[in-house]
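Single-structure report; data block below.
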Amino acid sequence: MTRYIFSRALSAIPVLFVVSLVTFLLMWLVPGDVASHIAGPDATEAELEAIRQRLQLDQPLHVQALHWYANLLRGDLGQSYLLHRPVLDAVVERLPVTLSLACMSLVLAVSFGVLLGVLAATKHDTWVDQVTMTGALLGLSLPDFWFGLVLIFFFAVGMGWFPTGGYTPFAESPLGWLRSMTLPAVTLAITQMGVIARMVRSSMLEQLGQDYIRTARAKGMPRGLVVFKHALRNALIPVITLVGIMTGLLLGGTVVIEVVYSLPGVGRLIIGAIQSRDYPIVQGGLLMTAAIFVFVNIAVDILYTIVDPRVRHDR
Amino acid sequence: MTGKAQAHSAAMASAWGARARLGLGMALRHRSIRVGGVLFGFVVLLAVFADLIAPFDPNKNNFRALLSAPDAVNIFGTDAFGRDILSRVIHGTRLSLLVGLLVVVATGVLGVILGTLTGYLRWLDGPVMRVMDGLMAFPGILLAIALAAVLGPSVANAALALTITFTPRTARIVRSSVLVLKEMPYVEAARACGASHTRLVLKHILPNALPPLIVQLTFVFSISILAEAVLSFMGVGPPPPTPSLGNIIAEGRSYIQEAPWVALTPGIAIAMSVLGLNIIGDGLRDTLDPRLRNL
């Protein structure tokens, strides 16, 4: 087991290497002169030259790449052009908002998704099944940023139950925090809920057709107990993998949702930096998000082998 | 062309043709493909005949009808420049489908090439797949936004950014099919009969690797439509005043209180296209991938 964890963690190294290379090259794709963008239109040639030297933009690409990796290994993601502070600090400061949003949606999506999936599977081929699955399909077909605006229109503008946007820190007012996070979390959860409900349903149907379920029913075990104690436990195993994949969707989704609801998370930081062409922030934000995604997937893989020992023997 | 080569290519064409006819016949018997087909077909008709169907020029300002509510003239109202929302949404749908189609074709071609090469040639597999894994380690939409931002706002660049984002997933699916298929006894038999690598790949391996790819491409199509809307909404897609669905929603966002129809109408068009494609995709998966049938 320890060996598996170790080798799985090692496998992240080439992936992270490519991830950081892509983020580095992204910067190189940027059209125009970065120095004149930082210095503004009135800068003299000497000032521009100074900036190029400071940022090593006058060096050949491979030298720049080496510097990028050397700094990265020391945990230095560079300096923001506009915020005049280290990129790492700016990103880390915004992480709690993004992560709490992602976690809240994940909890919502998994709990309701599993519930709906089980409901649809146990009522297979009835109107309950059809309504649930149509709803799930509709949920995953909605553009999330648009659905966010719909929720704002009905529940913030219309009913006035929630703020139309903005963020209240938890330390300031727990209730205010909950109010500011509810609509964003629900918006983000809707799509994922559909995906999970569909997966749980098909996984449950597969389990419910197995012999051990028939045996359990034949020996007189109540149906509810069979469904939840036997079938669901096995049906949830593939769902664990899905949670790993979903982390990517959630981390991407938070970017969009943070913009819609004006939440001060990493996503809005990145989008703001894209608009103001503060590329080190874009690089740092991308890199951090991708790294989180990679590590969550490692954790999910390890969790998978703990829950399902068959996988361990297969390897 | 020699007689033998002609017979060879005729046999190849008939093998592909028979498969296509069989697949289409099976597909049309499937209820959800028909339902999704009607829904998506309606959207396609709107997009193709946008110039004929749209009642107004999508970019024509009308300062006597700014933010006017839906009425008999402007069925879905007008925006802050007095432009007709229905006409803009119809033209926006055309743009969405165009971007989606570009991405599907590009990821399909690249996915087949990369997937076949990595599945077939061992030495190429490691390096190429590491790059693909690296690209897939980014949350998709975030990578697409960053790429589109760096490339610059335009329809072509939006399609390019989405192609780079989705190609690794497509290539992976083709690769895994090729890996299984090339070890099959029938491929071995063909090889023993002296079939060339090109013939093995084109006649024996690829036709059987296609079904999962087709299913995947349906979903790439629907995700691309959603993602293009996100890119436009974020201001890194086709620039305004281009009537793209994301642009219209972004513009309408500021008027959500006084003129909700601006932001809300385009979403229905997006949801219809995506829902139609997803239903078709589900149906195709049922017919083309027998292992998942009846689930």
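By convention in this document, chain letters (A, B, ...) are assigned in the order of the sequence lines, proteins followed by strands, and residues within each chain are numbered from 1. The model shown is predicted, which means the values in this text are computed figures rather than measured ones.
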For B:Leu226 and A:Ser141, which heavy atoms make the closest approach, and how far apart are they?
CD2-O, 4.0 Å
Name the option with the most non-hydrogen atom pairs under 4.5 Å to chain B; the candidates are A:Val294, A:Leu149, A:Thr289.
A:Leu149
Counting only non-hydrogen atoms closer than 4.5 Å, does B:Met136 touch chain A with its backbone (N, CA, C, O), its side chain (CB onward), both, or neither?
backbone
Can you list everything that forms a side-chain contact (heavy atoms from CB on, under 4.5 Å) with A:Phe154? Sequence neighbours excluded, please.
A:Val150
For the atom pair CG (B:Leu142) and OG1 (A:Thr254), what is the distance rounded to the nearest 0.5 Å?
8.0 Å
Okay, A:Arg198 and chain B: the region with an atom under 4.5 Å from a heavy atom over there is side chain
Heavy-atom proximity to chain B below 4.5 Å, by part of A:Leu142
both
For the residue pair A:Phe153 and B:Leu264, establish whether any side-chain heavy-atom pair is separated by less than 4.5 Å.
yes
Is the shortest heavy-atom distance from the side chain of B:Ile141 to the side chain of A:Val255 under 4.5 Å?
no
Working to the nearest 0.5 angstrom, can you tell me the gap between A:Leu286 CG and B:Phe138 CZ?
5.5 Å
When the 4.5 angstrom heavy-atom criterion is applied to A:Leu249 and chain B, the contacting part is neither
Among A:Ile271, A:Leu250, A:Asn297, A:Val282, the residue with the most heavy-atom pairs under 4.5 Å to chain B is A:Ile271
With respect to chain A, which residue among B:Ile145, B:Leu277, B:Val236 yields the maximal number of heavy-atom pairs within a distance under 4.5 Å?
B:Ile145
Which atoms of A:Val157 are under 4.5 Å from chain B, going by heavy atoms: the side chain, the backbone, both sets, or neither?
side chain
Flag the one option from A:Val22, A:Leu16, A:Thr23, A:Leu287 with the top tally of heavy-atom pairs under 4.5 Å to chain B.
A:Val22
Where do B:Ala146 and A:Leu26 come nearest, in terms of heavy atoms and distance?
CB-CD2, 3.8 Å
Which residues, numbered in order, of residues 147-161 of chain B come under 4.5 angstrom of chain A by heavy-atom distance?
B:Leu147, B:Ala149, B:Val150
If I compare all heavy atoms of B:Gly134 with all of A:Val18, which pair ends up nearest, and what's the gap?
CA-CG1, 3.6 Å
Are the side chains of B:Leu245 and A:Trp146 in contact, using a 4.5 Å heavy-atom criterion?
no
Is it the side chain or the backbone of A:Ile270 that comes within 4.5 Å of chain B heavy atoms, both, or neither?
side chain
With a 4.5 angstrom heavy-atom cut-off, could you sort out which part of A:Gln275 is near chain B: side chain, backbone, both or neither?
side chain
Can you say whether B:Ile268 sits under 4.5 Å from chain A via the side chain, the backbone, both, or neither, judging by heavy atoms?
both
B:Phe42, CZ atom: more than 12 neighbouring heavy atoms under 6.0 Å
no
Is it the backbone or the side chain of A:Pro143 that comes under 4.5 Å from a heavy atom of chain B, or both, or neither?
both
With heavy-atom distances below 4.5 Å as the criterion, would you say the side chains of B:Met234 and A:Val259 are in contact?
yes
